[in-house]
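Note sheet for the following structure.
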Amino acid sequence: MQRSKIQVMLADDHTLFRQGLRRVFELEDDIEIIGEASDGLTIAQLALQYKPDVVIMDINMPGKSGVEATRDIRMDSAEIKVLILSIHDDEEYVFETIRAGANGYLLKDVESEMFVEAVRQVSGGASFVHPRITTKLLTEFQRLSNNLHAAGYADGGDEESPAWQEILTAREMEILSLMAQGKSNRSIGQALYISEKTVKNHVSSVLSKLDVDDRTQAVILAAQKSWVKL
C-alpha cells in the first residue's frame, strides 16, 4: 500500500535543531515526522522498527555516529533512505557517508526549501548533494580526470562523443549549466524568468536524455564531456 505522505525520522543531538526541522516539515502537506532521536544507536533501532521513507541523520552524535547508524540501517533495509546533515564540507566526509550507504548530504546552513526538496528527491530514489559540495566534488573529479589524461589513461571518448546539440535543446543546456553552478530549481527559474515547474520539467528531460538518475550524475557527465565549466 502506497503511503500518502513521505514519512521522515530526525536524528540530531541538538533538541532545538530537531524542533526547527520539525517546524519546517510541518508546513508541507506531503511530509510527516514519525519519530526522532538524539543518538545514532536509538535512531537505527527506531528506523528498523518503523521503516520510515527517509532518515535525516546528523553525522556527529554520541554513542554511535551518523555514519555508523547509516551503515546499520542501509545494511538491514535498502528501502530506507538516509539524508546526512553535517557542518563539514570536506569531501572526505561525503565519501565516507556514501560508502556507508547514504543517499544524500546536506550542510546545516542550507535554506529550508532545499531541505524539503532534498527529502522529496531522496525519497523518490534520487541522490541529493549540497551544491557547495557538488562543486568541490566536480573539481576533484576534474583534477583526477586530468591526471588520468596526463598519465596516458584517456580513452579518447571525448572526441567521439556527440556534441550536446545532438542530445539537448539550447534551453536544456542552459539549465544544465546553471545546475553545474549549484543552483536550485527556484534559483534557475528566477535567473531564466520561467516557473519552477517548467524548470523541473526541463531537468527531468535532461536526466532522461542523458540516461542518469539525478542532477549530480548529470553535471558530472556534462563536466566529463566538457559541456560545462566548473
Side-chain angles (χ1 to χ4, degrees), residues 3 5-137 182 184 186 214-216:
R3 295 170 175 170
K5 293 186 177 183
I6 301 170
Q7 295 187 351
V8 175
M9 282 188 170
L10 306 176
D12 194 287
D13 58 339
H14 292 91
T15 302
L16 289 177
F17 189 78
R18 292 201 312 272
Q19 291 174 345
L21 277 182
R22 180 179 283 274
R23 284 194 290 269
V24 167
F25 291 117
E26 283 175 348
L27 298 174
E28 305 300 323
D29 295 332
D30 60 334
I31 298 174
E32 64 175 339
I33 306 299
I34 64 169
E36 58 183 74
S38 59
D39 65 88
L41 179 61
T42 302
I43 193 62
Q45 293 172 340
L46 289 175
L48 295 177
Q49 180 178 356
Y50 294 102
K51 305 290 185 182
D53 297 302
V54 179
V55 175
I56 299 179
M57 183 86 70
D58 183 18
I59 198 170
N60 294 317
M61 288 188 293
K64 179 174 286 192
S65 72
V67 174
E68 294 172 317
T70 296
R71 187 178 294 111
D72 290 347
I73 292 171
R74 296 286 290 163
M75 284 182 65
D76 192 275
S77 177
E79 290 160 5
I80 301 175
K81 313 302 182 185
V82 178
L83 179 61
I84 294 290
L85 287 181
S86 178
I87 60 173
H88 305 289
D89 63 356
D90 192 317
E91 55 265 28
E92 289 188 10
Y93 280 94
V94 184
F95 292 144
E96 184 179 12
T97 60
I98 290 174
R99 284 194 294 267
N103 305 93
Y105 194 104
L106 279 181
L107 298 178
K108 286 191 172 183
D109 61 358
V110 72
E111 295 179 0
S112 59
E113 66 180 50
M114 189 171 290
F115 264 125
V116 175
E117 183 178 352
V119 167
R120 288 176 179 147
Q121 288 201 24
V122 166
S123 69
S127 59
F128 194 100
V129 179
H130 192 287
R132 191 193 313 165
I133 298 174
T134 302
T135 301
K136 293 184 69 173
L137 291 177
S184 65
R186 177 174 297 182
D214 54 63
R215 298 161 67 103
T216 303

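Shortest non-hydrogen contact noted between G40 and A69 is O-CB, 3.5 Å. Nearest heavy-atom pair across L46 and A37 is CD1-CB, 4.2 Å. Of all heavy-atom pairs between L107 and H130, the closest is N-CD2, 3.5 Å.
Salt bridge annotation for D53-K5: absent, with no cationic side-chain nitrogen under 4.0 angstrom from a carboxylate oxygen. Taking the charged nitrogens against the carboxylate oxygens, D13 and R18 have no contact shorter than 4.0 Å, which rules out a salt bridge. No salt bridge links R186 with E117; every basic N to acidic carboxylate O contact stays at or beyond 4.0 Å.
Between V67 and R71 the shortest side-chain heavy-atom distance falls below 4.5 Å. Annotation: side chain of F25 is in contact with side chain of V119 (closest heavy-atom distance under 4.5 Å). Within the 4.5 Å cutoff, the side chain of M57 has no heavy atoms near those of the L83 side chain. Within the 4.5 Å cutoff, no side-chain heavy atoms of Q7 are placed close to those of K51. Side-chain contact between S38 and M61: absent, with no pair of heavy atoms (C-beta onward) separated by less than 4.5 Å. Residues V8 and V55 are not in side-chain contact: their nearest non-hydrogen atoms beyond the backbone lie 4.5 Å or more apart. Between K108 and D58 the shortest side-chain heavy-atom distance falls below 4.5 Å. Taking 4.5 Å as the limit, some side-chain heavy atom of R22 sits within range of a side-chain heavy atom of E36.
A donor-acceptor pair is defined here as one N or O able to donate and one able to accept, closer than 3.5 Å; no such pair exists between the side chain of D39 and the backbone of G63. Side-chain atoms of R215 do not come within 3.5 Å of backbone N or O of F128 as any donor-acceptor pair.
Summarising the local packing, CD of E113 is surrounded by more than 12 heavy atoms from other residues, nucleotides or ligands at distances under 6.0 Å. Other residues, nucleotides and ligands place no more than 12 heavy atoms under 6.0 Å from the CG atom of D29.
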Test salt bridge (Lys or Arg N to Asp or Glu O under 4.0 Å) on K64 and D72 and set out the steps. CA-CA 10 Å; K64 179 174 286 192; D72 290 347; 2.6 Å; yes

Could you go through the side chain to side chain contact (heavy atoms under 4.5 Å, CB included) check for I31 and E26 one step at a time? CA-CA 7 Å; I31 298 174; E26 283 175 348; over 6 Å; no

With side chain to side chain contact (heavy atoms under 4.5 Å, CB included) as the test, would you mind laying out the steps for L27 and R23 before giving the verdict? CA-CA 7 Å; L27 298 174; R23 284 194 290 269; over 6 Å; no

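Side-chain N/O atoms of Q45 and Q49 include no donor and acceptor closer than 3.5 Å. In the model, D214 has a side-chain atom that pairs as donor or acceptor with a side-chain atom of S127 under 3.5 Å.
For the side-chain contact (heavy atoms from CB on, under 4.5 Å) test with I59, the passing option among I84, D12, T70 is I84; the others fail. Across N60, V110, L106, a single residue satisfies side-chain contact (heavy atoms from CB on, under 4.5 Å) together with L85, and that is L106.
Applying the ring pair (Phe, Tyr, Trp, His ring centres under 6.0 Å) test to pairs two or more places apart or on separate chains, none has a residue in residues 27-62.
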